[in-house]
Chemist: 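Here it is: the structure, laid out below.
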Amino acid sequence: MIYIKTDEEIELMRKPCRIVKDVLELVGDKIKAGMTTKELDKIAYDYITSCGAKPSFLGLYGFPATTCISIDEQVVHGFPSDRIIEEDQIVSVDVGAFINGFHGDGARSFYVGKISPEKKRLIDVTRECFFEGIKGICVGSALGDIGAQVQEHAEKNGFGVVREMVGHGVGRKLHEDPSVPNYGRRGTGVRLKRNMTLAIEPMITMGSHEVEIDGWKCVTKDGLPSAHYENTVLIGDNGVEILTL
């Protein structure tokens, strides 16, 4: 069932979404070569809890940390650990915050120091895919338009689109209906309604779109890098409002 928020509930959602925006900016400022992914996770935990919020991911389905930190061929769901962040790596950080009875959800792909032009382009195009996905979207649009627009932009640039992992509704639960694929056909799927809130999150690969999944593990089948960019958005009469940006 798709949960349509009231105007009052939308106002309550703004705070967790603002915390997600801020923590992603903080992580982007603090990330550096030589630090561990566990250290980066602690920065996110400390900030979220200092705001009076709870990390949405911590304990969810048994997940052991505040953030998913996924490097290069890891698509999503990487566990923070003693792994050291190095130059020329794509470091994708996915995070959620819960306060006022609602969740916010967002992700960014970062790099530190020097990075290959190919990896830099993958990060840039993944971000572009999000904005292409929401272009022209408003009340009455078909859900499939989002995925179609993401897919068209990724494949036009020679990149793959992960099928197995998708975006989702977000609100009182972190994961709500509907699922929001990053591929598909225009004009298909449910029609979007005012005050629907969605987490739209392109996961784009440098090579094949195929992935290997084993429990939490999700990596590209060909071992090539991937990138991730996500925002929680609000569907309105005049378009999309990005709540985590």
Side-chain angles (χ1 to χ4, degrees), residues 1-3 5 9 12-13 15-17 19-21 23-24 27 36-49 51-83 91-109 143 147 161-183 196-205 209-221 226-233 243-244:
M1 180 179 292
I2 298 173
Y3 179 36
K5 283 72 179 177
E9 288 173 326
L12 292 174
M13 275 195 72
K15 186 166 185 179
C17 289
I19 292 170
V20 167
K21 174 189 76 72
V23 76
L24 287 170
V27 165
T36 67
T37 56
K38 188 183 291 184
E39 289 172 324
L40 200 60
D41 181 76
K42 187 175 186 304
I43 290 169
Y45 174 84
D46 288 347
Y47 183 81
I48 291 170
T49 55
C51 296
K54 295 180 179 179
S56 297
F57 298 178
L58 186 59
L60 183 70
Y61 315 128
F63 191 78
T66 294
T67 57
C68 300
I69 303 181
S70 309
I71 296 178
D72 282 347
E73 75 282 356
Q74 293 178 308
V75 179
V76 287
H77 302 159
F79 285 18
S81 68
D82 292 325
R83 181 174 181 175
V91 182
S92 297
V93 179
D94 191 356
V95 66
F98 178 78
I99 195 170
N100 291 342
F102 288 90
H103 295 271
D105 192 6
R108 304 285 185 269
S109 287
L143 182 67
V161 179
V162 173
R163 268 63 166 173
E164 288 80 359
M165 300 292 170
V166 298
H168 50 90
V170 59
R172 291 194 179 276
K173 294 181 179 179
L174 182 65
H175 298 127
E176 297 182 348
D177 290 333
S179 295
V180 187
N182 295 303
Y183 63 94
M196 285 178 67
T197 48
L198 307 173
I200 299 173
E201 49 180 321
M203 288 158 271
I204 308 300
T205 61
H209 67 79
E210 295 183 321
V211 297
E212 292 181 350
I213 298 174
D214 182 8
W216 286 104
K217 177 184 175 184
C218 179
V219 299
T220 58
K221 198 168 187 178
S226 66
H228 186 193
Y229 188 91
E230 175 186 20
N231 283 303
T232 298
V233 306
L243 300 178
T244 50

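Each residue takes its place number in the sequence, starting with 1.
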Chemist: Starting from the C-alpha separation in whole Å, work towards a yes-or-no answer on side-chain contact (heavy atoms from CB on, under 4.5 Å) for V95 and I48.
Modeler: CA-CA 10 Å; V95 66; I48 291 170; 3.7 Å; yes

Chemist: Taking the side chain as every heavy atom from C-beta outward, state whether L198 and T232 have any pair of such atoms under 4.5 Å apart.
Modeler: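 No - every pair of side-chain heavy atoms lies 4.5 Å or more apart.
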
Chemist: If every non-hydrogen atom of P16 is compared with every non-hydrogen atom of A97, which pair is closest and at what distance?
Modeler: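 Reported closest heavy-atom pair: CB-O, 3.4 Å.
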
Chemist: Before giving the answer on side-chain hydrogen bond (donor to acceptor under 3.5 Å, both in side chains), spell out for S179 and H168 the whole-Å C-alpha distance, their side-chain angles and the decisive distance to 0.1 Å.
Modeler: CA-CA 4 Å; S179 295; H168 50 90; over 6 Å; no

Chemist: Between the side chains of T197 and K5, does any donor sit under 3.5 Å from an acceptor?
Modeler: yes

Chemist: If we only count heavy atoms from C-beta on, is the I2 to M196 side-chain gap below 4.5 Å?
Modeler: yes

Chemist: F63: what forms a ring pair (Phe, Tyr, Trp, His ring centres under 6.0 Å) with it, not counting sequence neighbours?
Modeler: F79, W216

Chemist: In sequence, state the C-alpha distance, the side-chain angles, and the governing distance for D41 and T67, and then conclude on side-chain hydrogen bond (donor to acceptor under 3.5 Å, both in side chains).
Modeler: CA-CA 6 Å; D41 181 76; T67 57; 2.6 Å; yes

Chemist: What's the shortest heavy-atom distance between S70 and G78, and which atoms?
Modeler: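 Of all heavy-atom pairs spanning S70 and G78, the closest is OG-N, 3.1 Å.
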
Chemist: Quick one: does NZ or CZ of R108 land under 6.0 Å from the six-membered ring centre of Y229, within 45 degrees of the ring axis?
Modeler: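 Because its charged atom sits under 6.0 Å from the ring centre and within 45° of the axis, R108 does stack over Y229.
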
Chemist: Do the side chains of L243 and V233 get nearer than 4.5 Å, heavy atoms only?
Modeler: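 Side-chain contact under 4.5 Å: no.
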
Chemist: Evaluate side-chain contact (heavy atoms from CB on, under 4.5 Å) for V166 paired with V180, printing each intermediate quantity in order.
Modeler: CA-CA 6 Å; V166 298; V180 187; 5.7 Å; no

Chemist: I need the K42 NZ to T37 OG1 distance, nearest 0.5 Å.
Modeler: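 Result: 14.5 Å between the selected atoms.
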
Chemist: Are the side chains of I200 and E230 in contact, using a 4.5 Å heavy-atom criterion?
Modeler: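 Result no, sub-4.5 Å side-chain heavy-atom pair not found.
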
Chemist: Between H228 and E201, is the side-chain hydrogen bond (donor to acceptor under 3.5 Å, both in side chains) condition met? List the steps.
Modeler: CA-CA 7 Å; H228 186 193; E201 49 180 321; 2.8 Å; yes

Chemist: What's the spacing between D177 CG and Y3 OH if we round to 0.5 Å?
Modeler: 13.5 Å

Chemist: Contact between P55 and T49 at the side-chain level, heavy atoms closer than 4.5 Å - yes or no?
Modeler: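 In contact.
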
Chemist: Might you point out which heavy atoms bring V170 and M13 nearest each other, and give the distance in Å?
Modeler: O-CE, 3.9 Å

Chemist: For Y45, look at atom OH and say whether over 12 heavy atoms of other residues, nucleotides or ligands are found less than 6.0 Å away.
Modeler: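 Counting other residues, nucleotides and ligands, OH of Y45 stays at 12 neighbours or fewer.
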
Chemist: Inspect the contact between E9 and R172 and indicate whether a charged nitrogen and a carboxylate oxygen are less than 4.0 angstrom apart.
Modeler: yes

Chemist: Run R163 and H209 through side-chain contact (heavy atoms from CB on, under 4.5 Å) and show every step you take.
Modeler: CA-CA 7 Å; R163 268 63 166 173; H209 67 79; 3.6 Å; yes

Chemist: Measuring from I71:CD1 to R83:CZ, what's the distance to the nearest 0.5 Å?
Modeler: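 Nearest 0.5 Å value for the CD1-CZ distance: 4.0 Å.
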
Chemist: Which heavy atom of L24 sits nearest a heavy atom of A107, and at what distance?
Modeler: CD1-N, 3.8 Å

Chemist: If I compare all heavy atoms of S56 with all of L60, which pair ends up nearest, and what's the gap?
Modeler: O-CB, 3.7 Å

Chemist: Working note: V162 + I204, criterion side-chain contact (heavy atoms from CB on, under 4.5 Å); need CA distance, chi angles, decisive distance, verdict.
Modeler: CA-CA 6 Å; V162 173; I204 308 300; over 6 Å; no

Chemist: Any side-chain donor paired with an acceptor under 3.5 Å for T244 and N231?
Modeler: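 Distance-only check passes for T244 and N231.
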
Chemist: Less than 4.5 Å apart, any side-chain heavy atom of V211 and any of M203?
Modeler: no

Chemist: Are a donor atom and an acceptor atom from the side chains of H175 and Y61 found within less than 3.5 Å of each other?
Modeler: yes

Chemist: For residues I99 and G52, report the shortest heavy-atom separation together with the two atoms involved.
Modeler: CD1-O, 3.6 Å

Chemist: To the closest 0.5 Å, what do you measure between NZ (K38) and CG (D82)?
Modeler: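 If I round to the nearest 0.5 Å, the distance is 4.0 Å.
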
Chemist: Side-chain contact, heavy-atom cut-off 4.5 Å: K217 with V219?
Modeler: yes

Chemist: Do E176 and M1 touch side chain to side chain, with heavy atoms closer than 4.5 Å?
Modeler: no

Chemist: Looking at CG of D105 and CG of D94, how far apart are the two atoms once the value is rounded to the nearest 0.5 Å?
Modeler: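 One gets 5.5 Å once the value is rounded to the nearest 0.5 Å.
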
Chemist: Nearest 0.5 Å please: distance from the CG atom of D46 over to the SG atom of C51.
Modeler: 11.0 Å

